[in-house]
Amino acid sequence: MKQFGGPLLFLNRSDINTDEIIPAKYLTEISKEALKPYCLEDLKLPDFNPKTDVPGKAAILTRANFGCGSSREHAPWALEVNGINVVVAESFARIFRQNMYNCGLLAIELPASTIEDLFKTFYGKPTTLKVDIEQGRLTFLSEGVSKEVSFTLSDFERALVKAGGWVQFAAERY
Amino acid sequence: MSGQPKTLVEKIFDTHLIDKPFGEAWVLRLDMVFCHEITTPVAINDLVSRGMDRVFDPTRIKAVIDHVTPAKDSKTALQGKILRDWARRHGIKDFFDVGRNGVCHALFPEKGFVRPGYTIIMGDSHTCTHGAFGAFAAGVGTTDLEVGILKGVCAFKPPRTMRINLNGKLAPDVSAKDVILTVIATIGVAGATDRVMEFGGPVVDALSMEGRMTLCNMAVEAGATSGICMPDMTTVEYLWPFIGPEGEARYGTKEEALEDFKKWWSDPDASYESVIDIDCSTIRPLSTVGYKPDQVVPIEKMEKIWVDQVYIGSCTNGRIEDLREAARVLKGRKIADTVRGIVSPATPAVYAQALQEGIIQIFMDAGFCVTNPTCGACLGMSNGVLAEGEVCASTTNRNFYGRMGKGGMVHLMSPANAAATAIAGYITTPEALGITSKV
């Protein structure tokens, strides 16, 4: 199975929508790779500049209801082509969450108090996220400080991640 | 359908279940897969590259070019071409191209493709609109769409139903748009995530199919998988040209059709995850402020907000009833010099009906630009994109930052309020302008 996680990007707000992740004007692209320069372009947050903060990141930590709005799978694709393969949040919008697993990417939900604690501990510091899918364990690591958090995947989500997505799974089964 | 009492959605899941590969994932057989030119081409290309360029059933796939039409540049022309070539190659008869195309969620119901008890997916979040007919209709991403096209199946979590009782009676100048904005403001933008919102009560009973579509259309703005209404005589009347003697002749009489539709009704003792009661009699004309659809205020309590553009159209409010509602306000009046008014009738049939009723003339006399049917302006793709710092009063469904153009501000409201706003130049209501728009 492929490796998940790496340098962490903090997006400190709830309800980040898919228009902010990838604006509709780029939906005229028909390749995933073409979305790469525009990831999170319309997201306005203090201490966040998509041009400099997205490159090199492999994981996102954010708040509640991430990926709300449009059904566009261009949102997970924009993350994927930038090397981001796991998003950790308090909660996700349904379609975005399913799109992540359908692409073989991870959308991991943690309790609000845990998310709050992680922001308190690591926000503003260069942080790395390690993901152990077999053990169901996330390790956040920064400047000698580390925190371990456990997570669970449903059997379906685990199967999709292992199969590398829903198309292959369904094509073989139905 | 015996055994324990069930909700409408539970009945649809039971009758369409084909596999439970894992406890929490129910794989359902799909009655319809709808496609448009923005999210489908990538799925088509992926199927081709996997050597699986097939469709499960060309009669159950419906396709339309609607987001950018006619094409505005080479990229959108290519998206249209990929969809068009694919539809021809697979014998998808119901493909709607320039001249016959319209906003998907207005066009497909109008063609009779949506029926009570159906399962429907589309690569578009506002697919929940079709729940107005008592169907389970859900927006999905391109991968789910791709599997739907190939195999006619889609996986969902077992449904949890929220019952939303819309009680009372709407005041004049208050419409389905104000009702759904109230619901979203009540439960929040994630208040119905992974849930189906079942709308019922006297307000729903009194709404037309157009109004119910407006209601269900914005269920996703509260995070819902779908909105849904019980099919009743209003549903039968709407579908009669397709199901009666002039159509498939499935039913001899309307009463017979209604009796059959009732099998989908939620059982009286069905259990809901939650029940929310809303007194709709007290709803005042509303507008959103800010960048989330749950940030809603009565217009009469807003400070004066000047607008640069007024947009009437979209899958939320571009149907004939919406145009009539706006035209009643605009009739014999001019929009403010400072306002660009744009109206996009949602389908060719809506356009033709509006022409016949003199509504298009009213819009033009008032100073509106009338565009062809398209989604364009709603998501800032074409036909009315905002410039940085501009403000738009819009009958659409999303007020996200930059939604209608980078750096633009969107205020969501009903067609009547949008029309009044166009006349005044600032956000207002027909009542505040002394216009009686309902008789």
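Chain letters run A, B, ... following the sequence lines, proteins first, then strands; residues in each count from 1. The model shown is predicted, which means the values in this text are computed figures rather than measured ones.
- For the atom pair CZ of F400(B) and OG1 of T18(A), the computed distance is 6.0 Å after rounding to the nearest 0.5 Å.
- Contacts between residues 140-151 of chain B and chain A, defined by a heavy-atom separation under 4.5 Å, are made by V140(B), G141(B), T142(B), T143(B), D144(B), E146(B), V147(B), L150(B), K151(B).
- Across F22(B) and A159(A), no two heavy atoms sit closer than the pair CZ-CB, 3.4 Å.
- Atom NZ of K32(A) sits in a crowded spot, with more than 12 heavy atoms from other residues, nucleotides or ligands closer than 6.0 Å.
- In this structure, OG1 in T193(B) is found 10.5 Å from CD1 in I95(A), a value given to the nearest 0.5 Å.
- Each of V68(B), V27(B), I82(B), N45(B) has some count of heavy-atom pairs under 4.5 Å with chain A, and the biggest count is that of V27(B).
- For N99(A), the part lying under 4.5 angstrom from a heavy atom of chain B is the side chain only.
- Rounded to the nearest 0.5 Å, atoms CZ (R29(B)) and OH (Y174(A)) are 14.0 Å apart.
- Surrounding NZ of K81(B) are at most 12 heavy atoms belonging to other residues, nucleotides or ligands under 6.0 Å away.
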V189(B) and C68(A): side-chain contact (heavy atoms from CB on, under 4.5 Å), yes or no, with the steps? CA-CA 8 Å; V189(B) 290; C68(A) 59; 5.6 Å; no
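- Looking at V385(B), there are no atoms closer than 4.5 Å to chain A (heavy atoms on both sides), in backbone or side chain.
- With a threshold of 4.5 angstrom between heavy atoms, A171(A) approaches chain B through its backbone and through its side chain.
- Taking OG1 from T28(A) and CG from D73(B), the interatomic distance works out to 6.0 Å, rounded to the nearest 0.5 Å.
- Contact annotation for F92(A): only backbone heavy atoms (N, CA, C, O) come within less than 4.5 Å of a heavy atom of chain B.
- Put simply, the residue from V42(B), I38(B), T39(B) that forms a side-chain contact (heavy atoms from CB on, under 4.5 Å) with L27(A) is I38(B).
- Contact tally against chain A (heavy-atom pairs below 4.5 Å) for P41(B), A138(B), A25(B): the top residue is A25(B).
- With chain A as the partner, the residue from T76(B), T225(B), V153(B), D124(B) showing the most heavy-atom pairs under 4.5 Å is T225(B).
- Across all non-hydrogen atoms, the minimal contact from Q79(B) to E29(A) is NE2-O, 4.1 Å.
- The candidate from E157(A), R72(A), R173(A) with the greatest count of non-hydrogen atom pairs under 4.5 Å with chain B is R173(A).
- Interface remark: A224(B) contributes no atoms to any contact with chain A (heavy atom separation under 4.5 Å).
- Looking at every heavy atom in both residues, S71(A) comes nearest to S125(B) through OG-N, 3.4 Å.
- Neither the backbone nor the side chain of L47(B) comes within less than 4.5 Å of any heavy atom in chain A.
- Pairing each heavy atom of M381(B) with each of A24(A), the nearest pair is CE-O, 3.4 Å.
- Within the 4.5 Å cutoff, the side chain of R94(A) has no heavy atoms near those of the K157(B) side chain.
- For R398(B), the part lying under 4.5 angstrom from a heavy atom of chain A is the side chain only.
- A distance of 8.0 Å separates NZ of K292(B) from CG of N65(A), quoted to the nearest 0.5 Å.
- For the set S70(A), A170(A), A93(A), the count of heavy-atom pairs under 4.5 angstrom toward chain B peaks at S70(A).
- Heavy atoms of P21(B) lying under 4.5 Å from chain A belong to its backbone as well as its side chain.
- When every heavy atom of Y401(B) is checked against every heavy atom of D42(A), the shortest pair comes out as CD2-O, 3.7 Å.
- Interface check for chain B: of the options P23(A), G165(A), S91(A), S154(A), the most heavy-atom pairs under 4.5 Å are formed by S154(A).
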